[in-house]
Amino acid sequence: MEEQRTLTLDFVKSLMEPSYTLVWTDYNDNLDNHLDIIRKCLDRRNCDCLWEKAGEWYGDAEYEAVHGIMEKLKEECFVFNDFDEHEVDAFFDEHEDAIRDEIYSRNDSDVVKDLIRYTDDIPIRVEMLSDYDCINSNWFESQGGYSYEESYFGDMVDSLNLNPAQVKKLLTSHGYKVYGRFPNRKRRNGKEQVSYEQFYEELINSCCGANLLTYIGKVSLKELYDADFSLKEVIIPKGNCCGLFSSTYGGGSLLEMELKQDVKLKLEVKGCNGFRFRLDDERSKYDCSIQHVYGVDDSFFNNTVSIVS
């Protein structure tokens, strides 16, 4: 008489495929229109928001895929291996969690990785902050004259590694007032980030208040993810541009000061001084983006920046 076999978890596992693709994605599955998720990850300096959102979007599909696999495993047990159907149902009910966990462990789909892969490089700004708040329009600043000392203007000159004496000469040659000391820092000669001529063009084309010196570029979402959204430094590549921009008033300058070399910026703020990394999106109705204000597409932001995490 043939000995009756016992259905076991190991036997069910032996019927499973080595791996399962629980969710399928294509290039339309991306985060191009979900920059709010990426911004939250940056604010919190971790990937949790991205994983949570992927779970919301694809959790049901994964659950249904696992359910379908379990139904096929049941069928294999009682149709092809001669186990009693009621016994199989009872066994799967009793061990449902363990069987589900085993199937999930064999999941070879990675929706987060796919979302990242299909997402375009993201336009970003890096803004210079200062104890002296901001710089206003050229018209406003020129009324009393430009000052290098104790001013946002002076901090901007230093950030761009310009020689204050050369800046003074440039401004006065065009009839602008200056006051206070503009020291001759000769060691900066030849090491400036931008040309003096383009610096002048940015100043005279500054059209609104509350401007910040702003570097622009694009960032790879994969680099952000690999850095766990915790950034220490960023390298703006040679050929990218910077200028003056006010996200508050929705204006600025030409944003056409071309960098003559790679520029490494430390992303930390001490007091009110430092550099702030921002996605170029609108966080609220009171916060303007360069893309919206200037009516430009992603190509305006030039090349991708490098991240130092």
Side-chain angles (χ1 to χ4, degrees), residues 5-123 218-231 279 281 298 304 306-307 309:
R5 291 183 299 160
T6 303
L7 188 58
T8 66
L9 195 56
D10 284 340
F11 178 76
V12 173
K13 289 180 182 179
S14 75
L15 300 177
M16 293 182 184
E17 300 291 337
S19 63
Y20 293 104
T21 301
L22 300 182
V23 178
W24 297 91
T25 59
D26 63 23
Y27 68 93
N28 290 310
D29 294 314
N30 58 58
L31 296 165
D32 289 340
N33 296 314
H34 298 281
L35 296 184
D36 57 318
I37 299 169
I38 301 168
R39 188 174 68 238
K40 287 177 182 177
C41 289
L42 286 166
D43 290 344
R44 299 177 187 181
R45 293 178 174 268
N46 60 52
C47 306
D48 292 352
C49 291
L50 182 51
W51 281 102
E52 289 168 7
K53 186 55 69 173
E56 288 179 24
W57 288 340
Y58 297 100
D60 288 346
E62 282 188 344
Y63 186 90
E64 290 303 318
V66 170
H67 179 74
I69 292 167
M70 291 179 71
E71 290 301 309
K72 288 182 179 179
L73 290 171
K74 284 184 183 181
E75 186 179 9
E76 285 198 50
C77 288
F78 64 75
V79 174
F80 300 106
N81 289 279
D82 298 324
F83 285 102
D84 180 78
E85 185 173 355
H86 297 294
E87 178 190 359
V88 171
D89 286 337
F91 180 87
F92 271 70
D93 286 344
E94 181 181 354
H95 298 281
E96 180 177 359
D97 289 343
I99 296 171
R100 280 188 175 278
D101 289 345
E102 184 63 28
I103 295 171
Y104 275 115
S105 74
R106 299 178 187 224
N107 180 20
D108 63 7
S109 54
D110 189 336
V111 294
V112 170
K113 182 179 179 180
D114 290 341
L115 288 170
I116 291 169
R117 180 156 56 97
Y118 294 131
T119 300
D120 292 334
D121 288 345
I122 304 163
K218 290 183 285 189
V219 69
S220 159
L221 179 55
K222 183 179 185 304
E223 278 206 48
L224 288 178
Y225 181 80
D226 289 345
D228 200 24
F229 294 93
S230 183
L231 314 182
L279 302 183
D281 68 327
D298 292 3
T304 305
S306 299
I307 288 172
S309 57

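These figures come from a predicted structure and were not determined experimentally.
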Legend entry - CG/Asp93: more than 12 non-hydrogen atoms of other groups inside 6.0 Å: yes
message: side chain to side chain contact (heavy atoms under 4.5 Å, CB included) for Val219 and Ile307? Distances and angles first, verdict last.
response: CA-CA 8 Å; Val219 69; Ile307 288 172; 3.5 Å; yes
Kindly indicate whether the side chain of Cys41, heavy atoms from C-beta on, has any atom under 4.5 Å from the side chain of Leu224. no
Does Phe92 form a side chain to side chain contact (heavy atoms under 4.5 Å, CB included) with Val12? I'd like the steps, not just the answer.
CA-CA 9 Å; Phe92 271 70; Val12 173; 3.9 Å; yes
Residues passing the salt bridge (charged side-chain N to carboxylate O under 4.0 Å, His left out) test with Asp89, sequence neighbours excluded, are Lys74
For this session: For atom CG of Asp60, decide whether the heavy atoms of other residues, nucleotides or ligands shown that lie under 6.0 angstrom number more than 12.
Result: no
*Heavy-atom check, side chain of Leu15 versus side chain of Asn81, under 4.5 Å*: yes
When rounded to the nearest 0.5 Å, the distance separating CG of Asp226 from NZ of Lys222 is 3.5 Å
Residue set satisfying side-chain hydrogen bond (donor to acceptor under 3.5 Å, both in side chains) with Lys53, at least two apart, ordered chain then number -> Glu56
Closest non-hydrogen atoms of Ala65 and Leu22, given as atom of the first, atom of the second and distance, are CB-O, 3.5 Å
Polar side-chain atom of Asp84 near backbone of His86 as donor-acceptor pair, under 3.5 Å:
yes
Under a 4.5 Å cut-off applied to non-hydrogen side-chain atoms, are Ile103 and Leu73 in contact? yes
Between Cys49 and Lys40 the two heavy atoms that sit nearest each other are SG-CB, 3.7 Å
Applying side-chain hydrogen bond (donor to acceptor under 3.5 Å, both in side chains) to Asn107 and not counting sequence neighbours gives Ser109
* Asked: Quick one: do Arg106 and Glu102 make a salt bridge, cutoff under 4.0 Å?
  -> yes
Interatomic distance, CG@Leu231 vs CZ@Arg45, rounded to 0.5 Å, equals 7.0 Å
Apply side chain to side chain contact (heavy atoms under 4.5 Å, CB included) to residues Asp120 and Asn30 and explain how you reach the verdict. CA-CA 8 Å; Asp120 292 334; Asn30 58 58; over 6 Å; no
CG (Asp110) and CD1 (Ile116) are apart, to the nearest 0.5 Å, by 8.0 Å
How are the rings of Phe91 and His95 set relative to one another: parallel (under 30°), tilted (30 to 60°) or perpendicular (over 60°)?
tilted
The salt bridge (charged side-chain N to carboxylate O under 4.0 Å, His left out) partners of Asp114 (sequence neighbours excluded) come to Arg117
In this structure, CG of Leu35 is separated from CG of Leu42 (nearest 0.5 Å) by 10.0 Å
CG of Asp32 to OH of Tyr118, rounded to nearest 0.5 Å, is 13.0 Å
Query raised in the report: Within the distance-only criterion (no hydrogens, no angle test), does the side chain of Asn46 pair as donor or acceptor with the backbone N or O of Arg44 below 3.5 angstrom?
Result: yes
Practice item. Walk me through it: do Met16 and Ile99 pass the test side chain to side chain contact (heavy atoms under 4.5 Å, CB included)? Key: CA-CA 10 Å; Met16 293 182 184; Ile99 296 171; 3.9 Å; yes
Value for OG1 (Thr119) from CG (Asp29), rounded to nearest 0.5 Å, stands at 9.5 Å
By side-chain contact (heavy atoms from CB on, under 4.5 Å), Ala98 pairs with (sequence neighbours left out) Leu9
Note to self: When you compare the side chain of Val112 with that of Leu50, does any pair of heavy atoms fall below 4.5 Å?
What the structure shows: yes
* Asked: Ring centroid separation for Phe83 and Phe11, is it under 6.0 angstrom?
  -> yes
Applied to residues 36-71, the ring pair (Phe, Tyr, Trp, His ring centres under 6.0 Å) test, sequence neighbours excluded, yields His34-Trp57
